[in-house]
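Treat the numbers as computed from the prediction; the structure is a model and nothing was measured.
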Amino acid sequence: MNPPKTDARRHHDPAVRGFASDNYAGAHPEVLAAVALANGGHQVAYGEDDYTANLQQIIRSHFGATAEAFPVFNGTGANVVALQAVTDRWGAVICAESAHINVDEGGAPERMGGLKLLTVPTPDGKLTPELIDRQAFGWDDEHRAMPQVVSITQSTELGTLYTPDEIRAICDHAHAHGMKVHLDGSRIANAAASLDVPMRTFTNAVGVDLLSLGGTKNGALYGEAVVVLNQDAVSHMKHLRKLSMQLASKMRFVSVQLEALLAKDLWLRNARHSNQMAQRLAEGVRAVHGVEILHPVQANAVFARLPHDVSERLQKRYRFYFWDEAAGDVRWMCSFDTTEDDVDGFVAALKEEMAHA
């Protein structure tokens with residue numbers, strides 16, 4: 001049978017790639033093929049479909065026999081639903097000042113989730129038990145939002161990684177104070193690829209109670225999941241997901257994407273590639289006089305400082321964002337579809353613009 005005809009037209013050049021965000025990348029062909037495979041016929045809506053049921057088995061193969069996945073539309077939705085599930089109306093969440101839930105979600109955790117964020121400045125995007133203690137107090141003080149959760153990000157917003165032992169120390173410390181631990185894993189695949197360990201090694205194996213599992217940045221069309229690791233830590237997840245407008249009616253199309261990534265090794269292949277491209281980019285940038293790499297390159301992000309006018313000229317050739325425009329700091333992200341030619345072309349363009357500085 002010939003494929004159905006469509007009136008849709010391509011409105012972009014698929015050969016053009018930049019370094020602004022791994023969200024800019026399209027969907028991996030294997031993910032698109034999985035979506036097409038799940039199409040056709042009728043399946044029960046709202047998660048009672050065969051694909052979502054199979055996803056649960058795949059999730060348990062990665063995170064243990066008690067893990068349960070709740071697919072959602074996007075990362076902000078995953079974080080808001082997850083944090084609501086482990087806080088009371090008077091509860092607060094301790095997080096790094098640079099955390100995505102604090103600076104990049106439009107206030108959604110506080111406005112939509114109804115919880116308070118207690119932030120801590122960090123030099124590298126990572127919390128420690130000592131840093132947590134700056135906000136871990138006042139549980140009996142009715143004048144202060146009650147700290148109930150510690151939220152960490154792996155890999156962090158600065159592209160750095162927690163070791164499993166560092167996360168274990170955070171979990172032990174948080175649990176000793178009666179707090180739960182949430183892990184924002186929008187780039188959890190990049191962390192596992194860089195650490196060369198299974199995802200369980202730094203999640204359920206060390207005490208994380210629940211996580212936001214990323215798919216979009218790793219090659220999905222759209223879709224993430226809240227994964228409950230400690231069933232005793234949460235309550236009414238399915239009700240919170242619906243209340244938060246994150247319950248997909250045709251959930252099979254979210255679940256099958258996560259299945260395509262996680263059933264075998266596509267998630268790891270994609271993450272390893274984007275990490276490798278970031279290392280290649282960092283090596284090239286280090287050879288450019290006058291450009292400073294700001295943080296260890298441990299996942300698929302490179303943070304650098306260079307003259308403001310150079311960045312502005314370079315942005316006309318490649319898309320990327322300022323991280324701190326006043327300081328001249330920028331962020332360059334690599335994706336599963338970033339090529340060696342993309343990286344080498346960008347480094348050559350950077351050298352040219354620096355030569356004109």
Side-chain angles (χ1 to χ4, degrees), residues 63-64 66-67 78-80 82-88 90-103 109-110 113 115-188 191-192 194-195 197-213 226-235 295-296 298-299:
F63 298 104
T66 63
N79 287 336
V80 170
L83 294 175
Q84 285 183 96
V86 284
T87 52
D88 296 309
W90 51 87
V93 176
I94 299 173
C95 64
E97 193 174 68
S98 58
H100 197 274
I101 57 175
N102 183 50
V103 299
E110 296 185 320
L115 50 91
K116 173 67 175 175
L117 297 179
L118 302 174
T119 64
V120 182
T122 67
D124 55 2
K126 295 164 57 176
L127 290 176
T128 64
E130 294 74 22
L131 289 173
I132 289 168
D133 280 344
R134 295 186 182 184
Q135 293 284 12
F137 62 90
W139 287 278
D140 294 325
D141 183 356
E142 66 269 33
H143 300 288
R144 188 172 195 269
M146 181 186 292
Q148 293 184 317
V149 183
V150 174
S151 180
I152 61 175
T153 311
Q154 178 80 319
S155 58
T156 74
E157 287 73 19
L158 300 182
T160 53
L161 297 178
Y162 289 94
T163 66
D165 286 343
E166 287 173 332
I167 296 180
R168 183 189 297 276
I170 287 171
C171 291
D172 289 347
H173 192 71
H175 293 158
H177 286 293
M179 297 186 291
K180 308 297 191 302
V181 177
H182 163 258
L183 187 145
D184 182 346
S186 65
R187 295 186 177 95
I188 190 173
S194 183
L195 293 169
V197 297
M199 291 183 285
R200 72 174 68 89
T201 304
F202 55 84
T203 55
N204 54 299
V206 294
V208 172
D209 294 295
L210 78 170
L211 66 95
S212 301
L213 177 68
V226 177
V227 179
V228 177
L229 304 174
N230 177 6
Q231 296 291 336
D232 295 330
V234 305
S235 61
H295 304 292
Q298 297 178 327

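- Atom CG of residue D184 and atom SG of residue C95 lie 10.0 Å apart, to the nearest 0.5 angstrom.
- Remark: Q298 CD to T160 OG1 distance equals 6.0 Å, nearest 0.5 Å.
- S212 and N79 are linked by a side-chain donor-acceptor pair at a separation below 3.5 angstrom, with hydrogens and angles left out of the test.
- Here the side chains of S151 and I94 are not in contact, with every heavy-atom distance at 4.5 Å or above.
- Looking at heavy atoms from C-beta onward, V227 lies out of side-chain contact with L210 at the 4.5 angstrom threshold.
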Which is it for M179 and V86 under the side-chain contact (heavy atoms from CB on, under 4.5 Å) test, yes or no, and what are the steps along the way?
-> CA-CA 9 Å; M179 297 186 291; V86 284; over 6 Å; no

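- A pairwise comparison of heavy atoms in L211 and H182 identifies CA-CD2, 4.2 Å as the closest pair.
- Between atom CD of residue E130 and atom NE2 of residue H173 there is a gap of 7.0 Å, rounded to the nearest 0.5 Å.
- The OG1 atom of T203 sits 12.0 Å away from the CG atom of N230 when rounded to the nearest 0.5 Å.
- Side-chain contact between V120 and I132 is absent, with no heavy atoms from C-beta onward closer than 4.5 Å.
- Between the T153 side chain and the S155 main chain, no donor and acceptor come within less than 3.5 Å of each other.
- To the nearest 0.5 angstrom, L117 atom CG is 7.5 Å from L83 atom CG.
- Distance alone, capped at 3.5 Å, is enough to place a donor-acceptor pair between the R144 side chain and the F137 backbone.
- The shortest distance between side-chain heavy atoms of Q154 and I167 falls below 4.5 Å.
- A donor-acceptor pair under 3.5 Å links the side-chain atoms of W139 to the main chain of P147, judged by distance alone.
- Within 6.0 Å of CG in D141 there are more than 12 heavy atoms belonging to other residues, nucleotides or ligands.
- Side chain to side chain, N102 and E97 fail the donor-acceptor criterion of an N or O pair below 3.5 Å.
- A distance of 13.0 Å separates CD in E157 from NZ in K126, rounded to the nearest 0.5 Å.
- Between I170 and V150, some side-chain heavy-atom pair lies under the 4.5 Å cut-off.
- Looking only at side-chain heavy atoms (C-beta outward), L195 and T201 stay at 4.5 Å or farther from each other.
- Shown are K180, Q231, H175; of these, the side-chain hydrogen bond (donor to acceptor under 3.5 Å, both in side chains) with D209 is made only by H175.
- A 4.5 Å side-chain heavy-atom check between T66 and L229 finds every atom pair outside the cut-off.
- Checking side-chain atoms of T122 against main-chain N and O of G125 turns up a donor-acceptor pair under 3.5 Å.
- Taking the ring axis of F202 as reference, the NZ or CZ atom of R168 does not stay both within 45° of it and closer than 6.0 Å to the ring centre.
- Side-chain atoms of T87 and V93, non-hydrogen and from C-beta on, do get closer than 4.5 Å to each other.
- Minimum heavy-atom separation, A78 to V226: O-CG2, 3.4 Å.
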